[in-house]
Amino acid sequence: ADYRYTYRHVSSTRVTTKVNYRKGNFDLYFAPSTTYGNVAYDQTVSTQNDIISVEDNMYVRYGNRWLNIECAMNKIFDEKNSGGITYKYSYNPYNSGVNKFHCDDRFVVNDKDSQRFESPITMDWNTYNNKSHYLNTYYIHDFNDKSSLNFSFDWTKGRSEILKSVDKYSETGKENLLTKSGRNYSLYAGKLVVNTTIANGDVQVGTEYSNVSNKQTYNIDYSDMSHSLENSDNNLRQHLIAGFVTYSHNIGSRINVSA
């Protein structure tokens, strides 16, 4: 016989304010928002026959809070020059939860229990200092009707810390694991492109650059488990720079040649 029970409840509240101001060739946008959410999830799965009896229970509870801010500004300076900037900020001051898993496996031979395995596990986690920044800016200059210059720059930076506590119960007793993991990352990239027309074809000449940094840490504050991970500290840094030239030309209305 099989039995399954599932309960799920999700509650979320989002408050958003948007302000858009326009005057002439100037545009300003500002949008702060906050989000509150909670999730509850319960599930029980039971399977039983003449040989095996299995019952799995899962209990999940978590909640989070988010603050988001987005603002942007665009300006047409004159007939040949325009530009803009966008900034986004995200902050998660509260994010915590509880996971509980309970597995009860029983093997039956001749109406008697021959083997039984029970493995309840409880995991608590809390996220702190989860925040990120994102910035984008662009500038466009038209030399004439056929040639223009485009510049764009992107920057992002963020960090997060997670504390976890895991309790595992077995026939020999209780095992506990306390860990702390973190992440710090940043990226900035720029691209400069000159567009023009040569021999009725479109030409792009440009260069692009990117810099990436990503550091991840995992530390065990306390552990009495026989098998657990070791501390780790990974740091990735990458610098890329490239130049490019492209040419495309239309032959008729259906053929395009690019190089």
Side-chain angles (χ1 to χ4, degrees), residues 12-36 65-93 129-160 184-214 237-259:
S12 179
T13 302
R14 182 180 178 90
V15 180
T16 303
T17 302
K18 295 182 180 181
V19 178
N20 198 345
Y21 171 78
R22 292 180 179 178
K23 184 177 181 181
N25 295 326
F26 177 76
D27 181 75
L28 179 64
Y29 175 80
F30 178 69
S33 65
T34 59
T35 303
Y36 305 86
R65 307 288 185 268
W66 283 97
L67 170 66
N68 298 282
I69 297 175
E70 180 179 355
C71 54
M73 181 178 65
N74 298 280
K75 172 71 174 177
I76 300 177
F77 301 101
D78 52 43
E79 294 180 354
K80 295 181 177 295
N81 299 279
S82 61
I85 185 171
T86 300
Y87 173 73
K88 297 180 181 180
Y89 174 72
S90 181
Y91 177 52
N92 178 211
N129 296 324
N130 192 346
K131 59 182 68 175
S132 65
H133 304 265
Y134 171 74
L135 178 72
N136 168 265
T137 183
Y138 74 92
Y139 170 73
I140 300 174
H141 174 73
D142 294 325
F143 298 106
N144 49 50
D145 295 339
K146 297 182 179 180
S147 302
S148 65
L149 179 145
N150 292 265
F151 172 77
S152 63
F153 176 80
D154 292 278
W155 171 78
T156 183
K157 181 179 178 63
R159 62 171 298 178
S160 64
N184 284 272
Y185 64 91
S186 65
L187 177 146
Y188 57 87
K191 187 175 183 179
L192 180 66
V193 182
V194 175
N195 302 280
T196 189
T197 301
I198 298 177
N200 295 323
D202 296 325
V203 178
Q204 283 191 337
V205 180
T207 182
E208 52 188 353
Y209 173 78
S210 64
N211 182 297
V212 179
S213 175
N214 187 12
R237 292 184 178 273
Q238 186 179 65
H239 306 270
L240 297 174
I241 185 170
F244 60 90
V245 177
T246 64
Y247 177 80
S248 63
H249 182 76
N250 291 326
I251 300 176
S253 60
R254 299 184 178 181
I255 301 176
N256 178 271
V257 179
S258 301

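Just so it is clear, the values below take in all heavy atoms, side chains as well, and ignore hydrogens, waters and symmetry mates.
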Measure the spacing between CG of Leu240 and CG of Asn211 and express it to the nearest 0.5 Å.
-> 9.0 Å

What closest approach, in Å, do Phe244 and Thr207 show between heavy atoms, and which atom pair accounts for it?
-> CE2-N, 3.8 Å

With a 4.5 Å limit on heavy-atom distance, are the side chains of Leu135 and Ile85 in contact?
-> yes

CG (Asn150) and OH (Tyr139) are apart, to the nearest 0.5 Å, by 10.5 Å

Taking atom CZ of Phe153 and atom NZ of Lys191, what is their separation to the nearest 0.5 Å?
-> 15.0 Å

Interatomic distance, OG@Ser33 vs CG@Leu67, rounded to 0.5 Å, equals 7.0 Å

Check Thr156 against Tyr185 and note the closest heavy-atom contact, atom names and distance.
-> OG1-CE1, 4.1 Å

Donor-acceptor contact present, side-chain Thr137 to main-chain Gly84, <3.5 Å | yes

Looking only at heavy atoms, what is the nearest atom pair of Val203 and Tyr247, with distance?
-> CG2-CD1, 3.3 Å

Would you say the side chain of Asn130 lies within less than 4.5 Å of the side chain of Trp66, judging by non-hydrogen atoms?
-> yes

Could you check if a side-chain atom of His141 sits within less than 4.5 angstrom of a side-chain atom of Phe151, using non-hydrogen atoms only?
-> no

Would you find more than 12 non-hydrogen atoms of other residues, nucleotides or ligands less than 6.0 Å from Asp145 atom CG?
-> no

Please tell me if the side chains of His133 and Tyr87 come closer than 4.5 Å, counting only heavy atoms from C-beta onward.
-> yes

Do you know the tightest heavy-atom contact between Ser90 and Asn68?
-> OG-OD1, 3.1 Å

Answer with yes or no whether the side chains of Asn74 and Tyr29 bring together a donor and an acceptor at under 3.5 Å.
-> no

Donor-acceptor pair, side chain of Lys80 and main chain of Phe143, under 3.5 angstrom | yes

Close side-chain approach of Ser12 to Thr35, heavy-atom, < 4.5 Å | yes

Go through the steps for Arg22 and Asp27 under the test salt bridge (charged side-chain N to carboxylate O under 4.0 Å, His left out), then give the verdict.
-> CA-CA 5 Å; Arg22 292 180 179 178; Asp27 181 75; 2.9 Å; yes

NZ (Lys75) with more than 12 external heavy atoms under 6.0 Å | yes

For the residue pair Thr197 and Asp202, establish whether any side-chain heavy-atom pair is separated by less than 4.5 Å.
-> yes

Side-chain contact, heavy-atom cut-off 4.5 Å: Phe77 with Asn25?
-> no

Rounded to the nearest 0.5 Å, what's the gap from OH on Tyr134 to CG on Leu187? Could you check?
-> 9.5 Å

Answer whether the closest heavy-atom distance between the side chains of Ile69 and Phe30 falls below 4.5 Å.
-> yes

Between OG of Ser210 and NE2 of His239, what distance do you get to the nearest 0.5 Å?
-> 9.5 Å

